[in-house]
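This report concerns only the one structure given below.
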Amino acid sequence: MSAPRGTKAIAADAEVAARVAATIRADVRATAAYPVPKSRGLIELHANENPWPLPAQLRGEIAAVLAEAPVHRYPDGAAEAVKAALRRALPIPDGAAIAVGSGSDELIQIVTTAIAAPGATMLAPEPTFVMYRIYAELAHVRCAGVPLRADFTVDEGALLAAIARERPALVWLASPNNPTGRVVPLPTIERVLSAAPGLVVVDEAYADFAGASLLPRVLEFANLVILRTLSKVGLAGVRLGYAVGHPAWIAEFDKVRSPYNVNALTQAAVPVVLAASDVLAGQVAAILRERDRLARALAALPGVTVFPSDANFLVARVIDAPAAAAALRAKGILVKNLHGGHPLTANCLRITVGTPAENDALLAALRATP
Ligand code: PMP
């Protein structure tokens, strides 16, 4: 509406729309923002989060450090306390450097921006995490996808052939992969590292659920950077991702990174939580137990095929995934409908492993769905 609101005249919507159309890139205007469903009050099995809140005592400890955080100052641009806590908690080699991000999403954008020379190509097995392609397209990086096999394992021959053909500046290997849940076998990763002319980022967002990580070996390879996040182990709301690699790679990413990209409250909270690694490890173990139970129960449902998973979610093929997702939504349960995303995930649902009660509610709802 262009009518003045209140006392001051405001710009007419049509005028603003014309300015937007004349100014914002056509490819940006043609895309939709990443869809984030409203989820409060629902059973949230759609976003691969940890379903367990932090224990009350730990939340109390976080509250105490947040109360002391000097929020009138900019945060530490180097996030030294966070990096020191990560080094204490994880097998990060001494000579490796760390770059931090507001979630690993931000680091995906940083890495993509850093390689986005005219004509540069990014390559990834597909389907995979959608943000690799979204940020590549925004940065005008060419995207080359290599389909997974029908059982969601990596087709190593096809991947190596594509690397030889495309000469990608950047290869993404999510291990375990989202949305399909399986790890990339270590020998395949090593052969990709040898064949790739540029950078290979192994995204270990779900590594805690797979029990396998290249982190201790990151410095053995000249072109490997490992990307990780605290989102899947219980801190999705805190937004902390990190990239680990040789200092020569990390120094370049730090030039692209905004100077104060990780806020002071996150920087205060993360060391407290990382010091309580037993709490997070206990929650991971509970999720793994539930993953096995849920997989068996889903597989026992008529018309449902469950794929093996190394992550905190399961992929289940059903008879009609859009209808099943809608029926679950009507019962207050959110899952991710993968149908329409990639031909390999036709009629698939991605279901985050929830608490036992949430998983029981999901199973009951699916049993009641025609
Ligand atoms: N990588 C993968 C493979 C993911 O699935 C996700 C979350 N969906 C991310 C990175 C980004 O996670 P965050 O930004 O929360 O760290």
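Each ligand, and each atom within it, is numbered from 1 in the order the structure gives.
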Answer yes or no: is there an ion pair linking [X] with [Y], defined by an N-O contact shorter than 4.0 Å?
X	Y	answer
Lys232	Glu204	no
Arg142	Glu166	yes
Arg87	Asp94	no

Would you mind listing each N/O atom of ligand 1 next to any protein N/O under 3.5 Å, plus the distance?
{"from": "ligand 1", "atom 1": "1 (N)", "to": "Asp203", "atom 2": "OD1", "distance (Å)": "3.4"}
{"from": "ligand 1", "atom 1": "1 (N)", "to": "Asp203", "atom 2": "OD2", "distance (Å)": "2.6"}
{"from": "ligand 1", "atom 1": "5 (O)", "to": "Asn178", "atom 2": "ND2", "distance (Å)": "2.8"}
{"from": "ligand 1", "atom 1": "5 (O)", "to": "Tyr206", "atom 2": "OH", "distance (Å)": "2.6"}
{"from": "ligand 1", "atom 1": "8 (N)", "to": "Lys232", "atom 2": "NZ", "distance (Å)": "3.2"}
{"from": "ligand 1", "atom 1": "12 (O)", "to": "Ser104", "atom 2": "OG", "distance (Å)": "3.3"}
{"from": "ligand 1", "atom 1": "14 (O)", "to": "Ser104", "atom 2": "N", "distance (Å)": "3.2"}
{"from": "ligand 1", "atom 1": "14 (O)", "to": "Asp105", "atom 2": "N", "distance (Å)": "3.0"}
{"from": "ligand 1", "atom 1": "14 (O)", "to": "Asp105", "atom 2": "OD2", "distance (Å)": "3.4"}
{"from": "ligand 1", "atom 1": "14 (O)", "to": "Arg239", "atom 2": "NH2", "distance (Å)": "2.8"}
{"from": "ligand 1", "atom 1": "15 (O)", "to": "Ser231", "atom 2": "OG", "distance (Å)": "2.6"}
{"from": "ligand 1", "atom 1": "15 (O)", "to": "Arg239", "atom 2": "NH1", "distance (Å)": "2.6"}
{"from": "ligand 1", "atom 1": "16 (O)", "to": "Ser104", "atom 2": "N", "distance (Å)": "2.6"}
{"from": "ligand 1", "atom 1": "16 (O)", "to": "Ser104", "atom 2": "OG", "distance (Å)": "2.7"}
{"from": "ligand 1", "atom 1": "16 (O)", "to": "Thr229", "atom 2": "OG1", "distance (Å)": "2.6"}
{"from": "ligand 1", "atom 1": "16 (O)", "to": "Ser231", "atom 2": "OG", "distance (Å)": "3.4"}

- Task: Could you tell me whether a side-chain N or O of Asn337 sits under 3.5 Å from a main-chain N or O of Leu349, the two making a donor and an acceptor?
- Result: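 Pair absent, no side-chain N/O of Asn337 close to backbone of Leu349.
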- Message: If the condition is salt bridge (charged side-chain N to carboxylate O under 4.0 Å, His left out), which residues does Arg19 pass it with, not counting sequence neighbours?
- Response: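 Once residues adjacent in sequence are excluded, the partners of Arg19 under the salt bridge (charged side-chain N to carboxylate O under 4.0 Å, His left out) criterion are Glu15.
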- Query: With a 6.0 Å cut-off on ring centres, are Phe209 and Phe313 close enough?
  - Reply: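 No, ring centres 6.0 Å or more apart.
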